[in-house]
Amino acid sequence: MDVGYHSYETESTHTAGKVITCRAAVAWGPGQPLVIEDVQVAPPQKMEVRVKILFTSICHTDLSSWKGENEAQRAYPRILGHEAAGIVESVGEGVEDMKIGDHVIPFFQGECGTCICCRSQKTNLCQKFGVNPLKSVMINDGKTRFSTMDGNPIFHFLNTSTFSQYTVLDSACVVKIDTKAPLEKMSLLSCGVSTGVGAAWNVANVQPGSSVAIFGLGAVGLAVAEGARVRGASKIIGVDINPSKFFKGKAVGITEFINPKDLDVPVHEKIGAITEGGVDYSFECVGNLEVLREAFLSTHTGWGLTVLLGIHPSPMLLPLHPMELFNGRQIVGSIFGGFKGKTQLPKLAEQCMCGTLNLDEFITHELPFHNINEAFQLLIEGKSLRCLLHL
C-alpha cells in the first residue's frame, strides 16, 4: 500500500460559518436513479462537524435502502452513503478533538464516549449515536443540514450521508486519522472492511490454527477472510453461488471454496465432512435465513460460534429451535465489527498503513462521482466489491 503523504486542499477559510452549495446524489424515491444536483449544506451546530468528502463508495446497505426494501425506513428526498473519507471543513461549538484540515473517517456506529455503553468494554454500541436506520435528522434540533436550492429539507442517512461533496455529522460519528494515510483506501474503514475484520478479531476472536467458514463473499465476507488470515486460521472456507468471487477470495486467504449449486447435499454436511465435524467459526454475510441456518449447522457441536453480519429483512425470526443451542453451538450478532469508532479506528488505520491488512484487493472499480448510478449497477450485478467514487 502506498503510505506516502497525500495533500488535499479545502476552502475552509472561505466557507466556515456559511451555507455551502455543492453537488450531491439525491434519492427521490425507492429504486429511482439518484439525481446529481446542487444542494445547500448548513454550517455545523454544537458538537457537529462539516466534512468535505473526497472519496465514497457503495455497500449493500446503501443498495437496500435505495431500493426502499423496508418501508418503515423510507424517507425522501434523502442523501445516502456511509462509507467515505474526507477533510474537516469546519467544526461546531464544543468540538475539541478535530480541527479544520484534519483528515477524517465518518462512521455510522457513533461513540459519544460518555453513555453507559461507551464506557463499557463489552460493547461498541452507543445509546445516543448508535446506528438507527429510522433516524433521518440531526439530534441537536430534529432538523436536517441539507436542503434543496428552494429550501426544502433533504433527509440524512445512517449518521453520515456521504453521497455529497459536503456533509454534516455529529462529532461522535467522525474520527481523525493520520494525515499520511491514503484517504482513498481509508474510506473502506467506514464500513465494509471494519465490519468484516472486526467480526473476526473482536467478536469471534479467531484463534491461530482454527477453521472458519464464510457465507457470502462480498466485501464484508472477504474482509472476514482477511481478518481470519491475519489471525492465523488454518482453514478458511468461502461459500458463494458466484464463482467469480473465488479468485478474489484466494488473495485474502481463503483456502477452499464451496458453490452450493454444485452440491447434492446441504452445505453444512459438506463442511462437516471436510472439517471433522464442523468449523470453529462461521460468518453469515448474506442476510438470508436459510443461509444463516446452514452457517449455524456448519459449526462444530460443543463450541462452534456463528457470527451474524447479514442485514435481514423484518419481521423475520431466527431459524433455530431453542433446544439446538443445548448442543454447545452459539450465535451472536455483530455491528461494525465490534469496533468503537473514536477510540479504535485510528489504530486500525495504522495497521493498514503498516501492511497488516491489505485494502487494495477490495477496490475493484473507480469512477467519478457523477457516475454513481453506474457504480450501483456494478454492485447489483455482482461485478464489484467496492467502487470508489472520486468527488
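Position 1 is the first residue of the sequence, and the numbers go up from there. Model, not experiment: these values are computed from the prediction. Note that these values count all heavy atoms, side chains included, but never hydrogens, waters or copies made by symmetry.
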- Are F55 and H390 near enough that their ring centres are under 6.0 Å apart? yes
- Message: For the aromatic rings, using the six-membered ring if either is Trp, is the centroid distance between F336 and F108 under 6.0 Å?
- Response: yes
Single-linkage hydrophobic cluster [X]~[Y], side-chain heavy atoms < 4.5 angstrom:
| X | Y | result |
| --- | --- | --- |
| L188 | L222 | yes |
| F129 | F107 | no |
| V279 | Y281 | no |
| I363 | F163 | yes |
| V220 | F376 | yes |

- Which is it for S57 and E83 under the side-chain hydrogen bond (donor to acceptor under 3.5 Å, both in side chains) test, yes or no, and what are the steps along the way? CA-CA 6 Å; S57 51; E83 193 172 86; 2.5 Å; yes
Given side chains that start at C-beta, do those of [X] and [Y] come closer than 4.5 Å, heavy atoms only?
| X | Y | value |
| --- | --- | --- |
| I214 | V239 | no |
| P368 | L389 | no |
| T56 | L391 | yes |
| T61 | L63 | no |
| M138 | Q45 | no |
| V212 | K235 | no |
| E69 | S64 | yes |
| I254 | L217 | yes |

Tell me the closest heavy-atom pair linking [X] and [Y], and the distance in Å.
| X | Y | value |
| --- | --- | --- |
| I241 | P260 | CG2-CD, 3.9 Å |
| S90 | I100 | CA-CG1, 3.9 Å |
| P346 | G341 | CD-O, 3.8 Å |
| P106 | S190 | O-OG, 2.6 Å |
| P77 | P153 | CG-O, 3.7 Å |

Donor-acceptor contact below 3.5 Å, side chain [X] vs main chain [Y]:
| X | Y | value |
| --- | --- | --- |
| T275 | I271 | yes |
| T299 | F296 | yes |
| D102 | K99 | yes |
| W66 | L80 | no |
| Q109 | V131 | yes |
| T144 | F146 | yes |
| Q165 | C22 | no |
| W303 | R329 | no |
| S334 | V307 | no |
| K340 | C118 | yes |

- Note on the structure: For K347, the salt bridge (charged side-chain N to carboxylate O under 4.0 Å, His left out) test, sequence neighbours excluded, returns none
Hey, are [X] and [Y] close enough for a salt bridge, meaning a charged N less than 4.0 Å from a carboxylate O?
| X | Y | result |
| --- | --- | --- |
| E361 | K248 | yes |
| R229 | E226 | yes |
| R293 | E324 | yes |
| E89 | R50 | yes |
| K128 | D170 | no |

Euclidean distance, [Y] [atom2] relative to [X] [atom1], rounded to 0.5 Å:
| X | Y | atom1 | atom2 | value |
| --- | --- | --- | --- | --- |
| L292 | H312 | CG | NE2 | 5.0 Å |
| L169 | I53 | CG | CD1 | 6.5 Å |
| I154 | S136 | CD1 | OG | 12.5 Å |
| S210 | H300 | OG | NE2 | 13.0 Å |
| L359 | L189 | CG | CG | 6.0 Å |
| K342 | E111 | NZ | CD | 8.0 Å |

Name every donor-acceptor pair, under 3.5 Å, that has one atom in a side chain of residues 33-44 and the other anywhere in the protein, sequence neighbours excluded.
residue : atom : partner : partner atom : Å
E37     : OE2  : W28     : NE1          : 2.7
D38     : OD1  : R23     : NH1          : 3.2
Q40     : OE1  : S147    : OG           : 3.4

- Item | From CA spacing to verdict: side chain to side chain contact (heavy atoms under 4.5 Å, CB included), C352, M186 | CA-CA 8 Å; C352 293; M186 294 299 105; 3.9 Å; yes
- Which residue, L308, I335, V224, V332, forms the side chain to side chain contact (heavy atoms under 4.5 Å, CB included) with V203? V332
If we ignore angles and hydrogens, is there a donor and acceptor under 3.5 Å between the side chains of [X] and [Y]?
| X | Y | value |
| --- | --- | --- |
| S161 | T167 | no |
| D280 | Q207 | no |
| T301 | N327 | no |

Should the heavy atoms of other residues, nucleotides or ligands under 6.0 Å from [atom1] of [X] be counted, would the total exceed 12?
| X | atom1 | value |
| --- | --- | --- |
| E290 | CD | no |
| K245 | NZ | yes |
| L134 | CG | yes |
| E381 | CD | yes |

- side chain to side chain contact (heavy atoms under 4.5 Å, CB included) evaluation trace for F215 with V267: CA-CA 10 Å; F215 290 73; V267 174; 3.7 Å; yes
- F283/T306 under side chain to side chain contact (heavy atoms under 4.5 Å, CB included): CA gap, chis, key distance, verdict: CA-CA 6 Å; F283 298 83; T306 298; over 6 Å; no
- Item | side chain to side chain donor-acceptor pair (under 3.5 Å), paired with H82, selected from T162, N159, D62 | D62
- Task: Could you walk me through whether E93 and M47 pass side chain to side chain contact (heavy atoms under 4.5 Å, CB included), step by step?
- Result: CA-CA 6 Å; E93 176 190 348; M47 296 307 294; over 6 Å; no
